[in-house]
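Throughout, protein chains are lettered first and strands after them, A, B, ... in sequence-line order, and every chain is numbered starting at 1.
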Number of protein chains: 2
Amino acid sequence: MTGGGGPGTGPAAAPAERRGRPRSAAVDTAVVETVLRLLEDGVGVAELSMERIAREAGVGKATVYRRWAGKEALMLDVLRSLDEAVPGPAGGCVRDDLVALLEFLRRRGLAKRSSAVLRTVVAQVQARPALWAEYHDTVVAARREAFEAVLRRGMASGEIRADLDTGLLTDLFVSPMLSRALFHEWRELPEGLSERIVDTLLEGVRPA
Amino acid sequence: MTGGGGPGTGPAAAPAERRGRPRSAAVDTAVVETVLRLLEDGVGVAELSMERIAREAGVGKATVYRRWAGKEALMLDVLRSLDEAVPGPAGGCVRDDLVALLEFLRRRGLAKRSSAVLRTVVAQVQARPALWAEYHDTVVAARREAFEAVLRRGMASGEIRADLDTGLLTDLFVSPMLSRALFHEWRELPEGLSERIVDTLLEGVRPA
DNA sequence: CCCATACGAGACGGGACCGTTCCGGAAGTG
DNA sequence: CACTTCCGGAACGGTCCCGTCTCGTATGGG
């Protein structure tokens, strides 16, 4: 239930030749996990003070500053910890693959934790572009690429119109799910939503 | 260029029987306008302190507190000031009305100011539901109703499939524009985008 | 074993902001 | 004109936070 908080969280690689006591890996995960939990609980990124993070993680403030230069650097690592593998195409028909990708968004990505993180990142698009860039490269890019790959396959097989831009198509498929997760606070994502979105988009809104 | 900051901004109605010097209406608009400008410049809602708002508006802090109980109440009035009339349907074909509504979103609503406000509000969905509720009732509801009215008209006239839910359809039309405005920082909203979204949705993604 | 380094805890000075209060002056009402 | 209320400015005590530093203790590599 901890999401993608596992390994790969280390903020900086040790340059070998370490004497003395090594740093505790548990501290890294505890801090990152605490930030995610607080965001999940609705604490805004600005109410998140380094002091509070350390307090709630049961960690000395100096220990946090020993690893991260400031809140910005810490947040970047938090975003990096969210890296998740997108499910590969099942190889069935394109329609089912699209539904599966949207279901992945609905279930794993947008249930609670990730919707909170997404809201937080969106709020920082203007003030801290680096934060958004990191989130885009780490999380968004892989998902978009997965969508576009399926769409290209559909275009090759004749299941998808080939005269459309895959970027725009990806927006058409993804953004309805995204908007609901952003605005409706991770409720209102009912079971059959993915199918309804995909089928409506495929069939078109105009009567046949 | 001041947007919807005009009348109706007063935080509380005067109960008549006022002696002494009346409150300056200029202060109300100056404060609200300053908040909007700061949000527009990328200042997060949490970096927005009452002290800073008063300073930048050239207004005494006590004067602000005389009108609003706190930041939450002030933000509610700021959102209320955003109320804008949605353009009525031109009465042409449904397709053109849908394009016109999306164009309204692209041009007026989502260029700069409103995208900043929307990001701010989204960030507060969890922490301050009242803020989101106010924004929804003031801004979102009217726009959604306009969309659904056009869609219902299209269903009656046979231009839109009648077996679909107007709420979901509205999401399909609106959210691609919304997502771009949220994520891409009010760039990347090119001229023909509205037409492309509407036509793709109408025609469908599957080949004919 | 020894020593360098990490650890939690907390003190430190500096700064920002909160919400209130007071001031001297301005501006309408009666 | 007298009076009441508002105005901008500024100060107040209080709280929280920042980033650094110092304790005394724990822990692992050489």
Side-chain angles (χ1 to χ4, degrees), chain A residues 9-35 38-39 41 43-78 124 127-128, chain B residues 9-35 38-39 41-78 120 124 127-128:
Chain A
T9 302
E17 173 70 50
R18 306 286 300 154
R19 313 230 312 165
R21 175 178 176 179
R23 291 188 181 172
S24 163
V27 170
D28 292 69
T29 60
V31 170
V32 171
E33 205 61 24
T34 299
V35 172
L38 289 175
L39 289 180
D41 291 350
V43 181
V45 71
E47 286 91 354
L48 268 186
S49 60
M50 296 293 266
E51 204 145 341
R52 177 168 179 185
I53 292 168
R55 199 190 319 134
E56 303 226 21
V59 153
K61 197 164 45 151
T63 302
V64 178
Y65 276 104
R66 195 176 296 124
R67 288 149 198 261
W68 293 281
K71 192 161 65 178
E72 175 107 15
L74 171 55
M75 292 306 292
L76 283 177
D77 263 357
V78 170
Q124 308 286 327
R128 278 183 260 265
Chain B
T9 302
E17 173 67 54
R18 307 289 297 156
R19 316 225 315 161
R21 176 180 176 176
R23 291 188 180 171
S24 161
V27 170
D28 291 69
T29 62
V31 170
V32 171
E33 204 61 24
T34 298
V35 172
L38 289 175
L39 288 180
D41 291 349
V43 182
V45 70
E47 284 89 358
L48 266 186
S49 60
M50 295 295 267
E51 206 144 343
R52 178 169 180 184
I53 292 169
R55 199 188 321 133
E56 302 225 22
V59 153
K61 197 164 49 153
T63 303
V64 179
Y65 276 105
R66 195 175 295 122
R67 288 149 198 262
W68 293 281
K71 192 159 68 176
E72 175 107 15
L74 171 54
M75 293 304 295
L76 283 177
D77 263 359
V78 169
T120 299
Q124 308 286 326
R128 278 183 261 268

Tell me, do B/Leu38 and B/Arg52 make a side-chain contact under 4.5 Å, heavy atoms counted? yes
Nearest nucleotide by nearest heavy atom, which residue falls closer to the 5' end of DNA chain D, B/Val59 or B/Gly20? B/Gly20
Contacts of A/Ala62 and A/Pro22 projected onto DNA chain C by closest heavy atom; the upstream (5') one is A/Pro22
When rounded to whole Å, the CG to P distance for the pair B/Leu38 and C/dC17 reads 12 Å
Whole angstroms only, please: what is the CZ-C1' distance between B/Arg55 and D/dA10? 13 Å
Given B/Leu74 and B/Ile53, is the side chain to side chain contact (heavy atoms under 4.5 Å, CB included) satisfied, shown in steps? CA-CA 11 Å; B/Leu74 171 54; B/Ile53 292 169; 3.9 Å; yes
Do B/Leu39 and B/Met75 have side-chain heavy atoms sitting under 4.5 Å apart? yes
Atom pairs under 3.5 Å: protein N/O with N/O of nucleotides 23-25 of chain D:
none

Please classify the nucleic acid contact of A/Gly70 as base, sugar-phosphate, or nothing, using heavy-atom distances under 4.0 Å. nothing
The reported gap from OG1 in B/Thr120 to CG in B/Leu48 (rounded to nearest 0.5 angstrom) is 8.0 Å
Heavy-atom closest pair, residues B/Ala30 and B/Ala57: O-CB, 4.2 Å
Minimal heavy-atom distance between B/Thr34 and B/Glu56, with the atoms involved, is CG2-CB, 3.9 Å
Roughly how many Å is it from CG in A/Leu48 to C1' in D/dC18, rounded to a whole number? 15 Å
Between atom NZ in B/Lys71 and atom P in C/dA16, what is the gap in whole Å? 16 Å
To the nearest angstrom, how far is B/Arg66 atom CZ from C/dT21 atom C1'? 11 Å
Sugar-phosphate only, base, or nothing, as touched by B/Arg52 at under 4.0 Å among non-hydrogen atoms: nothing
Nearest-angstrom distance from the residue atom CE of A/Met50 to C1' of D/dT20: 13 Å
Less than 4.0 angstrom between a side-chain N/O of B/Arg19 and OP1 or OP2 of D/dA2, yes or no? no
For B/Ala54, report the nucleic acid contact type (base, sugar-phosphate, nothing); a contact means any heavy atom under 4.0 Å. nothing
Looking at the side chain of A/Glu51, which of C/dC18, D/dC17, C/dC17 is the nearest nucleotide? D/dC17
Counting side-chain heavy atoms from CB outward, which of D/dC7, C/dA6, D/dT20 is closest to A/Tyr65? D/dT20
Between C1' on D/dA26 and CZ on A/Arg23, what's the gap in Å once rounded to a whole number? 17 Å
Kindly say if A/Ser49 contacts the phosphate of D/dC16, meaning a side-chain N or O under 4.0 Å from OP1 or OP2. no
Between C/dG19 atom C1' and B/Glu72 atom CD, what is the distance in whole Å? 16 Å
Kindly indicate, with the supporting measurements, whether the criterion side chain to side chain contact (heavy atoms under 4.5 Å, CB included) is fulfilled by B/Arg67 and B/Val27. CA-CA 10 Å; B/Arg67 288 149 198 262; B/Val27 170; 3.8 Å; yes
Could one point to a donor on the side chain of A/Lys61 or the base of C/dG10 with an acceptor on the other under 3.5 Å away? no
How close do B/Gly70 and B/Met50 get, counting heavy atoms only, and between which atoms? C-CE, 3.7 Å
